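Report on one structure; see the data block that follows.
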Amino acid sequence: MRKLVVVATTLVALIVSAAVPTSAWAEEASPVASPGAAIVESAVAVDGRSLHVACVGSGGPTVLLEGGGPATDGSTYFVYALGSDLAAAFGTRVCAYDRAGTGQSDPDPKGVRTLKEAAADFLAVMASPDLGCPCVAVGGSLGGSIALMALNSDPSESAGLVLLDAVYPGYLDEFIALGSLGSPEAALASDPYMTGQNEEKLDLVTGFRQVAAPARPPGIPVVVVTHGAGEVPGCFPCSAGYPVEKMEAAWQAGQVRLAAALGAKLVVAENTGHDIATENPGLAIAVTAEVIAAVHDPSTWATPAASPAA
């Protein structure tokens with residue numbers, strides 16, 4: 001269960017063997033960063049704390065990465081490792097930040113936090129003049145939930161959104177309800193790791209229950225990508241007798257509802273597990289490039305009645 005929120009937007013393999021589709025955004029977004037471009041670091045002050053931010057490249061809209069977790073490594077790692085390549089591929093500035101208590105960011109003195117506080121930090125980063133938002137946010141699993149909550153709280157900083165197998169509204173209680181009496185799944189809400197004794201001191205039980213779909217579509221290009229293979233998120237593995245097929249069906253239905261609420265394109269990543277960016281980097285690049293293209297030219301964006309599988 002604990003691995004559920006660890007992977008998500010792991011971009012370590014995002015560039016490898018991935019072809020970026022040619023589209024209008026590639027011509028319009030300039031200048032383009034080249035590999036080895038200088039990384040610019042900055043700090044965003046939030047309630048007396050400092051959040052560490054790293055950016056590379058130029059051109060808009062800025063792409064802001066929100067990694068998975070809980071983890072002690074901050075998301076700026078991805079900018080150091082692959083940021084200049086991503087910036088060159090997208091023709092935009094690429095940024096990431098370290099969530100509270102991770103990487104080079106200060107911990108929150110309050111201790112245990114929920115996703116509501118994490119989303120407020122995400123918005124504070126987006127509001128920083130250094131980023132030049134509205135931005136395209138790319139997040140998955142836990143990171144996708146945080147990005148979604150930030151969008152719902154203040155859509156003005158969001159130009160577009162890519163969710164890679166994000167934890168959808170209602171997931172946790174659906175997962176728990178399918179567990180038999182006395183099983184680890186049924187007792188998940190009292191698991192110390194899930195209630196704050198994890199790498200980021202996140203109360204995931206409260207946090208996942210805070211995640212909600214917007215009351216109306218936000219009117220920006222959004223892509224919701226859901227896994228098409230592998231273990232159902234939350235089962236690594238689940239206990240014997242847990243109805244994984246039912247939970248898998250619930251997960252896919254939850255992604256469909258989320259896409260509908262966001263007015264998003266829904267893409268099923270065939271033969272790809274929960275860690276979509278690592279297992280299918282070409283798809284992760286392609287959907288992000290498509291959102292960037294739609295920001296530059298809204299006429300390129302049309303939400304199909306039923307998106308094809310990828």
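Below, each value reflects all heavy atoms present in this structure, side chains not excepted, and no hydrogens, waters or symmetry copies. As the structure is a prediction and not an experimental result, all values here were calculated from the model.
- Residues L204 and L142 meet the side-chain proximity criterion, which asks for heavy atoms closer than 4.5 Å.
- The side-chain hydrogen bond (donor to acceptor under 3.5 Å, both in side chains) test applied to T62 returns no partner, not counting sequence neighbours.
- S128 OG to L51 CG: the interatomic distance, rounded to the nearest 0.5 Å, is 10.0 Å.
- Between the side chain of S153 and the main chain of M149, no donor-acceptor pair closer than 3.5 Å is present.
- Side-chain N or O atoms of E279 include one that pairs as donor or acceptor with a backbone N or O of G273 at under 3.5 Å.
- Of all the heavy atoms in E200 and P70, the pair that sits closest is OE2-CA, 3.2 Å.
- To the nearest 0.5 Å, atoms OG1 (T195) and CG (D203) are separated by 6.0 Å.
- At least one donor-acceptor pair under 3.5 Å links the side chain of D98 to the backbone N or O of S75.
- Using a 4.0 Å cut-off between charged side-chain N and carboxylate O, D121 and R113 make a salt bridge.
- In this structure, the separation between CG on L163 and CD on Q255 is 8.0 Å, given to the nearest 0.5 Å.
- Side-chain contact check for S141 versus D165: every heavy-atom pair is 4.5 Å or farther apart.
- A donor-acceptor contact under 3.5 angstrom links the side chains of T226 and Q252, judged on distance only.
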Determine all donor-acceptor pairs shorter than 3.5 Å in which one atom belongs to a side chain in residues 228-242; sequence neighbours excluded.
unit_1	atom_1	unit_2	atom_2	d
S239	OG	E185	OE1	2.7
S239	OG	E185	OE2	3.1
Y242	OH	F175	O	2.7

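- Contact check on E117 versus R49 returns no salt bridge, with no Lys/Arg side-chain nitrogen under 4.0 Å from an Asp/Glu carboxylate oxygen.
- Within the 4.5 Å cutoff, the side chain of L65 has heavy atoms near those of the V94 side chain.
- Taking 4.5 Å as the limit, some side-chain heavy atom of H227 sits within range of a side-chain heavy atom of E248.
- With contacts defined as side-chain heavy-atom distances shorter than 4.5 Å, the pair L131/V53 qualifies.
- Residues A150 and F122 come closest through the heavy atom pair CB-CD2, 3.3 Å.
- A distance-only check finds a donor-acceptor pair linking the side chain of D106 to the backbone of S50 [under 3.5 Å].
- Of all heavy-atom pairs between L151 and P218, the closest is CD2-CG, 4.0 Å.
- Side-chain contact check for T272 versus L283: every heavy-atom pair is 4.5 Å or farther apart.
- When each of V40, I39, L86 is checked for a side chain to side chain contact (heavy atoms under 4.5 Å, CB included) with V56, only I39 meets the rule.
- Across all their heavy atoms, T102 and A71 have their closest contact at CG2-O, 3.1 Å.
- Here the side chain of E41 pairs no donor or acceptor atom with the backbone of A54 at under 3.5 angstrom.
- Ring pair H274/W251 is perpendicular by interplanar angle, where above 60° counts as perpendicular and below 30° as parallel.
- How far CZ of F208 is from CG of L202: 8.5 Å, rounded to the nearest 0.5 Å.
- No side-chain heavy atom of V112 sits under 4.5 Å from any side-chain heavy atom of T206.
- Across every non-hydrogen atom of A87 and G57, the tightest pair is CB-CA, 4.0 Å.
- Q104 and T76 share no donor-acceptor pair across their side chains, judged by distance under 3.5 Å alone.
- Formation of a donor-acceptor pair under 3.5 Å by the E66 side chain with backbone atoms of A147 is not found in this model.
- A side-chain donor-acceptor contact under 3.5 Å links R99 to the backbone of G67.
- Minimum interatomic distance between L115 and Q210 (heavy atoms only, all atoms of both residues): N-OE1, 3.3 Å.
- The NE2 atom of H296 lies 7.5 Å from the OG1 atom of T92; values are rounded to the nearest 0.5 Å.
- Taken from CG in L262 to CD1 in I220, the straight-line distance is 8.0 Å, to the nearest 0.5 Å.
- Listed by chain and residue number, D297 satisfy the side-chain hydrogen bond (donor to acceptor under 3.5 Å, both in side chains) test with S299 (two or more places apart in sequence, or in another chain).
- For the two cysteine residues C95 and C135, the thiol sulfurs sit 2.5 Å or further apart.
- In this structure the side chain of L148 reaches within 4.5 angstrom of the side chain of L258, judged on heavy atoms.
- Under a 3.5 Å cut-off, the side chain of S183 and the backbone N or O of L181 do not form any donor-acceptor pair.
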